[in-house]
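We count ligands from 1, going down the list as the structure has it; atoms in each ligand are counted the same way. Computed from a predicted structure; not experimentally measured.
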Amino acid sequence: MTENAFLLNLAARYGTPLYAYDLPAVRRAAAALRSDLPAGSRILYSVKANPHPLLIETLRTEGCEAEVSSVGELAVAIAAGHAPERVLYSGPGKSPSDLRTALASGVRTFSVESVTDRQRLDALAQDADVRCDYLVRLNGPAGSVHGSLRMSGSASAFGADVADMEALRALLTVRSRTRPIGLHTFFATNIGNEDSLIAEFQQAVRTVSEVCRETEFVPHMIDLGGGFPAPQAAPGGVTRHPRLASAVEGALDAHLVTRRTSGVEIAFESGRYLVGAAGTLITEVLDVKRSRGRTFAVLDTGVNALGGMSGLGRLMAPQARPYRLAPAPTRDVPSGDEPCPVTLVGPLCTPLDVLNRSVDLGEVRVGDLLAVPNVGAYGLTASLVGFLSHPLPTEIVHDGGTVVAARRLALAEVHL
Ligand SMILES: *Cc1c(COP(=O)(O)O)cnc(C)c1O
């Protein structure tokens, strides 16, 4: 069966909107990333990209560990088979209750972002009568990369400023219950060009080595973060980085001369690269309308299920570029007349519910099924799932043409 026929079958069987996740694509991405990185690197999957348990489990069997930023993500990671003591718990807003739960669940490695964050962790480790390790997340100098979402290098809620060596010295001191074991950088994401990605990692290695030198800190672990790119809601494949491994090796050898003898672990993180290509969103065209010279295709799903953060005005509209899976079964329905660019809108009662302002789809008709590719990362989970109380898309996981899981999440009322 062709891939399109398979997706059409899924739509017929489970209805739309529907997210389909392809496990072999997850495995291919994990293998590609591993072979593009220095041998022996740890790869941490950033669960926030897609917390579906089967995706986490598949990545675990591919040798990826887990990076989580909430107790919800932690619970799924543990349920998917991760040993809690190997999970990295990170994020700028870890509440006492989050930390208590994480410690009680067995997490022993955290990324801390400030002196307050570390003090809180130390006090709660004392309460729980455990010891734990942490990485210090750095907010490094401004880098060279433009066009991607920068997480560092400017005033930021993320990480400890490298300019403040005094705070870093305090953070890199052993306390009664907590011990710094390394440094954590995550300077930019979705860097679409190999030279820029290499420059970003070289910058990260230089920053880490400078902090180590200034504070006389000897790291056991260096988490260089990520930035590995993936197309989002538009056609395209997984990018390869044939020069990356040796460039990172070279930077590590040049700047961390103790590396080979001290056996420091090098880790990388990725969300979108590992799962982005695995996801496809299938949606049905509910209506096609002309208004003042523009054609609108109204879909059965919108920013409530895809790119929802853009509805907050923070990011660009998703610019989804779907392809037509199948034409409508009947041809006597209104269409956009001449093939012309259409505006794709969702079912929400807000002008913000736009998946693309102008995209060429040929002739669009009511009943057409469209497939949005590359939505395995930051799709459903990064969306406004509660808005207008629409049911959420179904999620299907398939492996070599067999459906291995089907579910639909629902918001539950919790009585307090
Ligand atoms: C979100 C996040 C990632 C993953 O980013 P991608 O662009 O999905 O690869 C990695 N590390 C940290 C600390 C993050 O917050």
Side-chain angles (χ1 to χ4, degrees), residues 21 26 29-30 32-34 36-37 41-52 55-56 59 64-70 72-74 77 87-94 98 102 107 109-114 117 134-140 143 145 147-153 156-160 182-193 196-197 200-201 204 207-208 221-233 236 238-239 241 244 266-279 307 309 314-316 374-383:
Y21 306 127
V26 174
L33 188 58
R34 185 168 299 290
D36 284 354
L37 291 175
S41 302
R42 289 172 66 180
I43 299 178
L44 309 185
Y45 171 52
S46 298
V47 170
K48 75 165 185 277
N50 190 329
H52 195 293
L55 268 54
I56 301 173
L59 286 165
C64 299
E65 297 171 283
E67 182 257 325
V68 303
S69 292
S70 72
E73 290 183 357
L74 174 63
V87 170
L88 175 65
Y89 197 112
S90 72
K94 299 185 274 305
D98 295 340
V107 176
T109 315
F110 294 81
S111 172
V112 309
E113 306 228 353
S114 70
D117 200 16
Y134 63 87
L135 307 174
V136 172
R137 179 159 171 189
L138 303 176
N139 179 15
V145 179
S148 53
L149 189 58
R150 283 208 69 85
M151 311 297 290
S152 185
S156 157
F158 298 110
L183 296 167
H184 180 195
T185 64
F186 178 52
F187 288 171
T189 182
N190 208 11
I191 305 171
N193 162 301
S196 303
L197 191 64
E200 204 68 25
F201 282 123
T207 305
V208 162
M221 177 176 173
I222 296 173
D223 181 344
L224 291 174
F228 311 104
Q232 177 111 26
V238 166
T239 333
H241 304 101
L244 183 64
I266 305 297
F268 294 88
E269 299 168 337
S270 173
R272 70 185 69 236
Y273 187 92
L274 290 171
V275 295
M309 305 255 280
R314 171 84 173 77
L315 304 167
M316 287 202 306
N374 289 314
V375 290
Y378 307 112
L380 184 54
T381 24
S383 295

Check ligand 1 against R137 and write out every atom of the ligand that is under 4.0 Å from a heavy-atom position of the residue.
-> 13 (C)

With a 4.5 Å heavy-atom cut-off, do H241 and Y273 have their side chains touching?
-> yes

Considering the heavy atoms of Y378, write down every atom of ligand 1 situated less than 4.0 Å from one of them.
-> 1 (C), 4 (C), 5 (O), 6 (P), 8 (O)

What heavy-atom pair brings A49 and R272 nearest, and what distance separates the two atoms?
-> CB-N, 4.1 Å

Is there any N or O on G271 that sits under 3.5 Å from an N or O of ligand 1?
-> yes

Can you find an N or O of H184 that's nearer than 3.5 Å to an N or O of ligand 1?
-> no

Looking only at N/O atoms, are S90 and ligand 1 under 3.5 Å apart anywhere?
-> no

Residue pair S46 / E269, side-chain donor-acceptor N/O under 3.5 Å | no

Taking the six-membered ring for Trp, is the centroid-to-centroid distance between F201 and F228 below 6.0 Å?
-> yes

Would you say A377 contacts ligand 1, with heavy atoms under 4.0 Å as the rule?
-> no

So is K48 polar-close to ligand 1, meaning N/O to N/O under 3.5 Å?
-> yes

For ligand 1, is F158 a contact, meaning one of its heavy atoms is under 4.0 Å away?
-> no

Would a distance-only check, ignoring hydrogens and angles, find a side-chain to backbone donor-acceptor pair under 3.5 Å from K94 to S111?
-> yes

Counting heavy atoms under 4.0 Å, the part of Y273 that contacts ligand 1 is neither

Where is the tightest heavy-atom contact between L274 and C64, given as atom of each residue plus distance?
-> CD1-SG, 4.4 Å

Taking both backbone and side-chain atoms of E269, is any N or O found less than 3.5 Å from an N or O belonging to ligand 1?
-> yes

Y45 side chain to N50 backbone, donor-acceptor under 3.5 Å = yes

